[in-house]
Engineer: 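I'd like to ask you about the structure that follows.
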Amino acid sequence: PSAPPAPGAAPLAATASQDDDDLCVVCQDAPARVGLVHGSSAHKCCCRGCAAELCGPRGSGKCPLCNQRITSVLDVF
């Protein structure tokens, strides 16, 4: 178990922004709205622009989270 927060410290929920969890893992600027499909799973981790770069001729073609080969890209709503 973790120790209780120090007196006067902000609660953990107040220090971490939920919006940060929704940012593209590549550019850290745009919202992650794209799912990178590989095998029978997908990671919702990129914006449309970064997904296009990853899957483009100069991109790695691999998921930035697990390094598996991307088989398709899906818009996630």
Engineer: Decide yes or no for Pro31 and Cys24: does some side-chain heavy atom of the first lie under 4.5 Å from some side-chain heavy atom of the second?
Structural biologist: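 No, too far: nothing below the 4.5 Å cut-off.
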Engineer: Mind listing the closest non-hydrogen atom pair of Cys27 and Cys47 along with its distance?
Structural biologist: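 Looking at all heavy atoms of both residues, the shortest contact is SG-SG, 4.0 Å.
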Engineer: Please walk me through it: do Val73 and Arg48 pass side-chain contact (heavy atoms from CB on, under 4.5 Å)?
Structural biologist: CA-CA 9 Å; Val73 176; Arg48 171 56 67 190; 3.6 Å; yes
Engineer: Same cluster or not: Leu36 versus Leu74, using hydrophobic residues (I, L, V, M, F, W, Y) connected whenever any side-chain heavy atoms lie under 4.5 Å apart?
Structural biologist: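 Hydrophobic grouping puts Leu36 apart from Leu74.
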Engineer: Can you tell me how far the SG atom of Cys63 sits from the NE2 atom of His38, to the nearest 0.5 Å?
Structural biologist: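 It comes to 3.5 Å.
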Engineer: What closest approach, in Å, do Cys45 and Ala32 show between heavy atoms, and which atom pair accounts for it?
Structural biologist: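 Shortest heavy-atom separation between Cys45 and Ala32 comes out as C-CB, 3.6 Å.
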Engineer: Can you measure from CD (Gln28) to SG (Cys50) and round to the nearest 0.5 angstrom?
Structural biologist: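 SG of Cys50 is found 9.5 Å from CD of Gln28.
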Engineer: Between Val26 and Leu54, which heavy-atom pair has the shortest distance, and what is it?
Structural biologist: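 In terms of heavy atoms, the two residues are closest at CG2-CD1, 4.4 Å.
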Engineer: Given 3.5 Å as the limit, does a donor-acceptor pair link the side chain of Glu53 with the main chain of Gly49, or not?
Structural biologist: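 Answer holds: no.
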Engineer: Heavy atoms only: give me the nearest Ser60-Arg69 pair and the separation to one decimal.
Structural biologist: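 Between these two residues, the closest heavy atoms are O-NH1, 3.1 Å.
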Engineer: Closer than 3.5 angstrom, by distance alone: can the side chain of Thr71 be matched with the main-chain N or O of Val37 as a donor-acceptor pair?
Structural biologist: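 Yes, because the side chain of Thr71 sits within donor-acceptor range (under 3.5 Å) of the backbone of Val37.
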Engineer: For the hydrophobic clusters of this structure (ILVMFWY residues joined by side-chain heavy atoms under 4.5 Å, transitively), does one cluster hold both Val34 and Leu23?
Structural biologist: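 Per the 4.5 Å side-chain linkage, Val34 and Leu23 are not co-clustered.
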